[in-house]
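All residue numbers in this chain count up from 1 along the given sequence. Both backbone and side-chain heavy atoms feed into the values below; hydrogens, waters and symmetry mates do not.
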Amino acid sequence: MNRYITTTLPYVNSDPHVGFAQEIVQADTLARTWRAAGDEVFFSTGSDEHGQKIFEAAEKAGKTPQEYVDHYAAEFEKLKDTLDLSYDSFIRTTEEKHVQAAQEMWHRCAAKGDIYKKTYTGLYCVGCEAFKTEKEVVLGKCPLHPNAELKEVSEENYFFKFSNYQEKLLQYLEKPTVIIPEWRRVEAMNFVKGGLEDFSISREATRLSWGIPVPGDDTQVMYVWFDALTSYISTLGWPKDAEGNFKKFWEDGKTLQVAGKDQVRFQSLMWQAMLISADVKCTDQVFYHGFITSGGQKMSKSLGNVINPLALVEQYGTDAVRYILLRHLSPVEDSDLTLEAIHDHYTAHLTNGLGNLVARVMKLAETYLSEPVFCGEISFPQEYANALQSFEFNRAMDMIWARITVLDERITNEEPFKVVKEDAEKGRAMIRELAIELYQIALLLNPFMPKTSEILKKAVQENKKPENLFPRL
């Protein structure tokens, strides 16, 4: 099967955030799982580089917007090596191929009669880069950015006829697999049933020059969301599709988008309406994860509780951070994460858990076995496969750690280190069984902790105890 998977494009107005790290590691785990199963995968991510917030931040920093986004896009590209990511494409919305794709999307929607111009007055949230309707405002504030003042803006913009797509979106959302988890699908359906309002898809260039020009009207630039959403297909080479990736992975493949829970309206409604308007296949499935809080509070620079994934990796290592993000955070609910909790998980489950087990098993194997054990192909437990298929990363990893615990207890209870001295043949047989089980654990770890998996497989294959995997900190 051909599979396409993409994260959202992080807005590059600040350093990488642990919330996006969770999203991209989830996507990477799925991409690795599918490749291991024999699927051909196109895994994409990138950077969202236009809009009011970036324009204002660049101005404050004394840089041009392009200089500003170049710096932060490079910071996000560092995540590939830092988090050991296997993505195939990093699309930037300032790239010429993306600009052309966004303008083609505009042309197609306009040709369908879905774009019109009108003067509009409304409350604008710079944090969301969007106008807010009355039902979206709580006590005069945007609930997602309660510390920012909503600005009343009156200007002439182009609008997309979102209201034309109420019935078609309901038909799309009727499929039970289009949104995971189920309650997000219900949320999307309720939003559509509540009535769709046409949304603005441009800004006056005199107020905001940093954006993709509207075709045929240099007084307007595209609304950042209309521009950025098109990246999911511009990364595949749409519309020209010179390399055939769009046909192979979008039209003929199975598509999955990974996004945060605040993205339902954008990813599963606005974007799908744009695709329908442009006569492009809708996304097959969108998976929504929860938010990460710290100490029970939303992460913010002012509170000093923002967790930088680059700094975490520097302290604990790549696979330890992947482990934390995948096992100790809920895939779909909000999760709390503190530096203290990270340290405790690292010590208990990696240093004293997996790391200690590997040292025990491979020390016995290296000492008492004259050659490596034969390790055949593993048959992945169905429950493990089901957990990954339903995006339950933590449950799949719990199954692995249950095997780690059982293997550790087996060494303690059966004492092969004593048996081998009293009955060499029986003891060596026990040690071979331990090494084979460790190899199987290594294979199960592969999509989650790829470097650790390779180290363990190599250790068993060479019958040699590796260096300390997770040093005590």
salt_bridge(R3, E40) N-O dist < 4.0 Å: no
Taking atom types as modelled, find out whether D284 and T255 have a side-chain donor-acceptor pair closer than 3.5 angstrom. yes
Please confirm whether the ring centroid of F266 lies under 6.0 Å from the ring centroid of W271. no
Could I get the full list of side chain to side chain contact (heavy atoms under 4.5 Å, CB included) partners for E454, not counting sequence neighbours? N446, K457
Heavy-atom pair of closest approach, residues P309 and L79: CG-CD2, 4.3 Å
Scan side-chain atoms only and decide if W210 and Q66 contain a donor-acceptor pair under the 3.5 Å cut-off. no
For residues 220-245, which residue pairs pass the salt bridge (charged side-chain N to carboxylate O under 4.0 Å, His left out) check, not counting sequence neighbours? none
Please determine whether a side-chain nitrogen of the Lys or Arg among E75 and K78 lies less than 4.0 Å from a carboxylate oxygen of the Asp or Glu. yes
Show your working on side-chain hydrogen bond (donor to acceptor under 3.5 Å, both in side chains) between S86 and R35 and close with a plain yes or no. CA-CA 11 Å; S86 61; R35 291 192 194 104; 2.8 Å; yes
Is the closest basic N to carboxylate O distance between E251 and K281 below 4.0 Å? no
Enumerate donor-acceptor pairs with a distance under 3.5 Å from any side-chain N or O in residues 54-61 to protein atoms, sequence neighbours excluded.
residue, atom, partner, partner atom, Å
E56, OE2, Q52, NE2, 2.9

Does M399 have any side chain to side chain contact (heavy atoms under 4.5 Å, CB included) partners at least two apart in sequence or in another chain, and if so, which? E383, Y384, A387, R395
Please identify each residue that fulfils ring pair (Phe, Tyr, Trp, His ring centres under 6.0 Å) with F43, with sequence neighbours left out. none
Just distance, no hydrogens or angles: give the donor-acceptor pairs under 3.5 Å from side chains in residues 171-178, sequence neighbours left out.
residue, atom, partner, partner atom, Å
Y172, OH, T283, O, 2.7

Check the orientation of Y158 and W106. Use parallel for under 30°, tilted for 30 to 60°, and perpendicular for over 60°. perpendicular
Hey, are D398 and R327 close enough for a salt bridge, meaning a charged N less than 4.0 Å from a carboxylate O? yes
